[in-house]
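Take a look at the structure below.
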Amino acid sequence: MGDKQPDLAALEAAAAQAEAEAAEAAAAAAAAKAAAARAALEAAQAASASGQSADDGASSPPQASGPPDTSGTPDAAGTPTASDSPEAPQDAVVGELTGWARTVHEGYSFSGEVLRLGALVEDGTANAAVQVGLPLAMMNRHGLVAGATGTGKTKTLQVMTEALSDAGVPVFVADIKGDLSGLAVEGPSNDKLLERTRSIGQDWQPRAFPVEVFSLGGMGTGVPIRTTVTDFGPLLLAKVLGLNATQESSLGLIFHWADSQGLALLDLKDLRSTIAFLVSDEGKAELKGIGGLSAATAGVILREIVALEAQGADVFFGEPAFATAELIRTTSDGRGVVSVLELPAVQDRPALFSTFVMWLLADLFSELPEVGDQPKPRLVFFFDEAHLLFHGASKDFLTQVTQTVRLIRSKGVGVFFVTQSPKDVPADVLAQLGNRVQHALRAFTPDDAKALRAAARTFPTSDYDLERLLQELGTGEAVTTVLTEKGRPTPVAWTRLRAPRSSMDPAPAGVLDQVVAASPLAPRYAETVDNESAHELLAERMATAERERAAAEAEAQRLEEEAAAAKAAEKEAARKAREKQKSSRRTSSASKGMESLLRSVGTQLGREITRTVFGTRRR
């Protein structure tokens, strides 16, 4: 019994030692794993700090915050190395990726410049080793940023704008609520923000961007953007005025006549004068051969123009007309200028500003030369609240929008529509949008559920239950798919998006005033010019016609008076002739009476004398 107890004690000691060694080995393994993870993250952040492409996803010009990015070559497997993709994970970490994470990583590995969007989310946790981005070369294939209110669409737009500016690409954004003016101001830092950015592998540094602030016709703060009525055209103007098909065709007829007469329609008073002339007595004959303009239709158009002027829209039309080529500018250090169209002053007139912005796009299409596919776009155009553009649009208008979006790609311009739901964009336009960043959608009604189902079916096949995922996405998260450099859609990726480096709040009024005061465009566009146009020319024409009419009436009156005088003289002569004739007849009658009297008296006297002589008795 005594011999067995020492053996038992030895066994217990050996077991305890083995257990301690196992615990130590497990702790060592856990520490090694944690160290590897930290090393991967630190390597990514260090690589990111070596160039701005960690934040903008593209090689950018040298900046004060760090040296320019250098580009390497893909490895034998085609996966970009850390040198050409600063936030790509180390090869050892990449080798550990499995399943959908590896599929996404391989699908978003591009050889050219990349606009970084965020990191893949797995089971609710961001995986900084798998970065999601968009090739700059494919930005002219257009895109859609969609999602319910409050899901982070505007911030996604801001992140994309910052990255494009750093990549040397000019950007135009329509700022309806005034939020995007914060691009001109560095963003504030806080612990929550830094924790989020570290989790997605973003080396966040506050930064302001080169901003040019515009306003529609000077309403609000910004360099005024104006255009002439002629340049705006009848199709877009008919949409602003809310005209039906018949009235729209009549408006087109008015523009056609003005063009054929060389009459410049610069502002709304020119258009009003033209319509008034065409329904006047002088102008009715002008359109007789091509259908004419009914007074009723002219009255409707005139009333709508007056209503538009009452909203202050008359300041949008006039000279100097804005040259859309001014939007394509870069700074001396190579960054793209961000043109922000401030619209808070007109947000209660959505049809007006949305159509005006559409004019900018149409004008760019007509003015820019063909350039084909480029390593990066010439300009990217973000159309926020895009549903306002298509609400109540005519068939001809939709056709024009579709054609413009389809063809402007070859001009090196990318167009991104930002709206609440994909169904807000017509199918023909939606078919042209190859890059998709879909934020959360809500399904509170049967129509919402139908729209959600339709949106989920438009994505490529994936491991996700998209109908469920699209309802569960958090703020700042999105389901992403873009076009690869070969034009194929990338795998669907649940993405936690990057944070803007500029301010997420509107810029202070003083900052915007300084931006406008320093603008090289202000001297050219600040003051309105009123040149001779249709209003003055038609007024002169009508004044000339009035003078000619007055002269003709005076001549006719003179001739009439002369004729009346001649007739009166003729009557007087006839009267005198009649009086003379009557006088002559009276004289003749008197002479005959006297002769008769004398004869009678003579006869009587003769009788009396005779009777006296012969002795007869007087009776």
Side-chain angles (χ1 to χ4, degrees), residues 115-126 132-134 142-163 173-180 182-183 187 192-193 195-197 199-200 202 204 347 350 382-391 416-425 430 433 435-445 447-459 462 464-482 492-506:
L115 186 154
R116 298 293 180 190
L117 296 174
L120 179 70
V121 177
E122 293 183 289
D123 298 325
T125 302
V132 175
L134 169 61
H142 315 314
L144 175 71
V145 179
T149 301
T151 56
K153 298 188 302 297
T154 302
K155 303 314 170 192
T156 297
L157 188 158
Q158 191 170 346
V159 167
M160 296 175 75
T161 297
E162 293 175 353
V173 294
D175 189 12
I176 294 177
K177 295 173 289 186
D179 295 341
L180 294 172
L183 284 159
K192 184 177 179 180
L193 172 68
E195 181 183 356
R196 174 189 171 90
T197 56
S199 71
I200 61 175
Q202 178 185 3
W204 189 91
Q347 58 182 305
F382 287 99
F383 202 115
D384 200 5
E385 302 295 339
H387 63 281
L388 299 176
L389 174 65
F390 303 108
H391 178 69
F416 279 70
F417 293 95
V418 184
T419 188
Q420 295 186 10
S421 173
K423 68 181 179 62
D424 296 333
V425 181
L430 193 62
L433 312 181
N435 302 304
R436 300 274 299 276
V437 180
Q438 179 65 63
H439 288 263
L441 292 173
R442 308 301 181 217
F444 298 130
T445 69
D447 287 342
D448 291 342
K450 183 178 179 181
L452 172 64
R453 195 174 304 112
R457 287 201 298 265
T458 61
F459 283 88
S462 68
Y464 299 116
D465 179 358
L466 287 178
E467 287 190 40
R468 180 183 60 81
L469 178 59
L470 288 175
Q471 297 181 76
E472 297 178 353
L473 291 171
T475 301
E477 296 181 350
V479 171
T480 305
T481 181
V482 301
V492 178
W494 177 4
T495 309
R496 183 160 297 162
L497 298 163
R498 291 170 173 255
R501 289 170 288 160
S502 56
S503 175
M504 300 185 198
D505 297 321

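Atoms considered below: every heavy atom in the structure, side chains included; atoms not considered: hydrogens, waters and symmetry mates.
In the model, S199 has no side-chain atom that pairs as donor or acceptor with a side-chain atom of R496 under 3.5 Å.
Contact of the L430 side chain with the L433 side chain is registered, since non-hydrogen atoms from C-beta on lie closer than 4.5 Å. Looking only at side-chain heavy atoms (C-beta outward), M160 and V145 come within less than 4.5 Å of each other. Side-chain atoms of T151 and L473, non-hydrogen and from C-beta on, never get closer than 4.5 Å to each other. Taking 4.5 Å as the limit, every side-chain heavy atom of L180 sits out of range of all side-chain heavy atoms of T161. Between L469 and V479, some side-chain heavy-atom pair lies under the 4.5 Å cut-off. Side chains of I200 and T495 form no contact here, defined as non-hydrogen atoms less than 4.5 Å apart.
In this structure, the side chain of Y464 engages the main chain of W494 through a donor-acceptor pair within 3.5 Å. In this structure, the side chain of W204 engages the main chain of P500 through a donor-acceptor pair within 3.5 Å. Between the side chain of K155 and the main chain of M504, a donor-acceptor pair closer than 3.5 Å is present. With hydrogens and angles disregarded, a donor-acceptor distance shorter than 3.5 Å links the side chain of Q202 to the backbone of A499. H387 places no side-chain N or O within donor-acceptor distance of the main-chain N or O of V425, the cut-off being under 3.5 Å. With hydrogens and angles ignored, the 3.5 Å screen pairs no side-chain donor or acceptor of D179 with any backbone N or O of P506. No donor-acceptor pair closer than 3.5 Å links the side chain of D448 to the backbone N or O of L452. E162 places no side-chain N or O within donor-acceptor distance of the main-chain N or O of L183, the cut-off being under 3.5 Å.
In this structure, OG1 in T480 is found 9.5 Å from CG in L134, a value given to the nearest 0.5 Å. Taking OG1 of T149 as the reference point, atom NE2 of H439 lies at 12.0 Å (rounded to 0.5 Å). The line from CZ of F390 to NZ of K423 is 13.5 Å long, rounded to the nearest 0.5 Å. Between atom NZ of residue K192 and atom OG1 of residue T197 there is a gap of 13.0 Å, rounded to the nearest 0.5 Å. To the nearest 0.5 Å, atoms CZ (F416) and OG1 (T156) are separated by 11.5 Å. Rounding to the nearest 0.5 Å places CG of D175 at 10.5 Å from CD of E385.
Minimum interatomic distance between S502 and G182 (heavy atoms only, all atoms of both residues): CB-O, 3.5 Å. R442 and A148 get closest at one heavy-atom pair: CG-CB, 3.7 Å. When all heavy atoms of S503 and Q158 are compared, the closest pair comes out as O-NE2, 2.9 Å. Nearest heavy-atom pair, V418 versus K153, reported as atom, atom and distance to 0.1 Å: CG1-CB, 4.1 Å. Of all heavy-atom pairs spanning L120 and A493, the tightest one is CD1-CB, 4.0 Å. Of all the heavy atoms in A455 and L441, the pair that sits closest is CB-CD1, 3.8 Å.
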Check step by step if side-chain contact (heavy atoms from CB on, under 4.5 Å) holds for L157 and V173.
-> CA-CA 9 Å; L157 188 158; V173 294; 3.7 Å; yes

Determine, stepwise, if the pair F417 / D424 fulfils side-chain contact (heavy atoms from CB on, under 4.5 Å).
-> CA-CA 10 Å; F417 293 95; D424 296 333; over 6 Å; no

Determine, step by step, whether Q438 and L466 satisfy the side-chain contact (heavy atoms from CB on, under 4.5 Å) criterion, reporting the C-alpha distance in whole Å, the side-chain angles of both residues, the deciding distance to 0.1 Å, and the verdict.
-> CA-CA 11 Å; Q438 179 65 63; L466 287 178; over 6 Å; no

